[in-house]
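Notes follow the structure.
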Amino acid sequence: MKLMKKAVAAVLALALCLCMMAGCSSSADISSQLDAIADQADALQDTLDAYIAQTEAAAEAEAEAAAEAEEAEEEAAVTVEDLEPDEDGYITIVDMAGREVTFKANPTIWNSSPTAEGWLCAIVPEQIIGWAAEFTEEALAYYPDSVSDLETIGGNYGTSTANEENILVVSPDVIINTYDCSEEGLASTIASADEMAEEYGIPVICLGRDIADSAECAANIGLWFGNAQRGYEVSVYIQSLLDMVTEAADAAAAAGDVPTFYYAEQATGLFTEAVGSRHAAVFEFCGLTNCVGDDISMTSTGGLEEVTLEQVVQWDPEYIFVSLVPAYQEITTSDAWSGITAVQNGNVYSIPLLPQNWFDRSPNSLRVLGCLYCAAICYADYVSYGLTEVVSDYFSFMYGVELTDAQLEAIYCA
């Protein structure tokens with residue numbers, strides 16, 4: 001900066017000298033020279049101003065980075081204590097349905113549906129006793145090596161019912177499942193959990209299933225099962241991801257730029273979810289507009305409302321998300337679907353399925369990634385992250401898995 005100021009001063013000094021030499025030259029020559037010098041001085045001043053602005057911006061960026069690093073260091077320094085067991089080695093917790101549950105500290109765990117397994121793999125993988133649903137070898141590669149040899153013992157979800165003998169053989173210390181812990185669903189949740197606990201003679205813990213409660217779920221799993229510090233770290237990380245989605249959704253809403261979507265389910269793509277369905281929770285969290293509006297309503301908690309192609313054409317969604325490959329092929333290649341805006345604009349997307357479904361069925365921890373995926377597509381002008389980078393970081397932080405390019409590509413082609 002000092003050099004720039006000296007340069008400007010030198011030009012002005014030269015101008016002064018020329019004025020003193022005015023007697024030796026014609027007034028026209030001197031005037032022309034002074035104009036040229038003035039132009040040079042202006043140019044130098046502009047360069048100086050730009051340099052100063054650049055220096056100030058760099059200093060501000062450096063200060064912001066230092067502040068962020070300090071904040072991250074403070075967060076990392078937080079220590080969360082595990083619960084202290086009683087003299088018999090048991091702890092008592094209050095689950096997310098408000099139930100008191102007592103069980104052995106640092107227990108072995110069975111997730112009775114494939115819902116909390118992603119959280120368990122990230123926080124207490126060594127305590128999982130077996131899978132509720134079978135994983136392919138390809139899917140298991142996205143989870144820690146420590147769970148790769150676990151057996152499938154079955155679960156209670158959808159139309160599946162666990163074999164009671166299998167559960168008693170592996171004898172978990174505690175059962176965890178994901179439930180509707182909202183005020184509306186609480187009574188049914190408590191009754192279901194109590195019934196399961198009585199059936200198996202094993203304590204049952206209720207975990208909330210709302211996406212907005214994801215960070216709390218992670219923190220609770222760490223606290224309940226003997227790794228509170230890791231649960232806290234995962235909780236902070238998950239909340240930061242959801243905040244990025246909310247930020248993009250809010251910015252799009254403020255700009256009046258919220259698109260419509262259609263959720264195409266089953267092989268035909270002619271099953272979908274009504275507004276408010278828990279099976280469309282990812283879209284709801286992202287603030288997108290379900291194109292079906294009031295035209296259809298929920299007939300059951302299982303969702304999968306059947307519609308006609310004529311209805312979809314009339315709704316004319318801007319984006320279509322597809323749950324199965326046959327439906328994706330039909331929608332993107334058939335003349336019958338070709339007039340829909342989403343198809344014309346190439347905005348038809350398959351839902352990622354590795355290592356589990358990112359959107360639904362089951363409502364598992366990977367729905368956080370589903371929200372990031374959905375927002376990156378529908379709010380491309382508003383997101384502050386690169387999808388591939390954040391997905392790679394997720395699997396690295398959560399499961400200690402460094403995804404290969406082939407694994408990343410397989411996620412979107414499953």
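Note that the coordinates shown come from a computational prediction; the quantities given were computed from them, not determined experimentally.
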Hey, does the side chain of [X] reach the backbone of [Y] with a donor-acceptor pair shorter than 3.5 angstrom?
| X | Y | answer |
| --- | --- | --- |
| R230 | A122 | yes |
| N111 | I176 | yes |
| S235 | A215 | yes |
| S148 | D145 | yes |
| D88 | Y90 | no |
| T272 | Y263 | yes |
| D173 | T108 | yes |
| E138 | L354 | no |
| H279 | S362 | no |

Taking all non-hydrogen atoms of both residues, which atom of [X] and which atom of [Y] are closest, and how far apart?
| X | Y | result |
| --- | --- | --- |
| I205 | Y179 | O-CE1, 4.3 Å |
| Y399 | C121 | CE2-CB, 3.8 Å |
| F103 | I93 | CE2-CG1, 3.5 Å |
| N177 | S113 | OD1-OG, 2.7 Å |

* Structure fact -> Separation between OH (Y262) and CD (E273), nearest 0.5 Å, reads 10.0 Å

* side-chain contact (heavy atoms from CB on, under 4.5 Å) assessment of W131 paired with L140 -> CA-CA 11 Å; W131 302 118; L140 282 173; 3.7 Å; yes

Taking C-beta and beyond as the side chain, do [X] and [Y] meet within less than 4.5 Å on heavy atoms?
| X | Y | value |
| --- | --- | --- |
| V390 | L387 | yes |
| M398 | W119 | yes |
| P317 | F261 | no |
| Y379 | L288 | yes |
| V124 | F225 | yes |

* Asked: Relative to each other, are the rings of Y237 and Y394 parallel, tilted or perpendicular (30° and 60° limits)?
  -> tilted

Among side-chain atoms of [X] and [Y], is any donor-acceptor pair under 3.5 angstrom?
| X | Y | answer |
| --- | --- | --- |
| T268 | Q266 | no |
| Y385 | D393 | no |
| D316 | T341 | yes |
| E305 | T299 | yes |
| D180 | T189 | no |
| Q314 | E310 | no |

* Asked: Are D360 and R278 within salt-bridge range, i.e. N to O under 4.0 Å?
  -> no

* Aromatic ring proximity F283/F321, centre distance under 6.0 Å -> yes

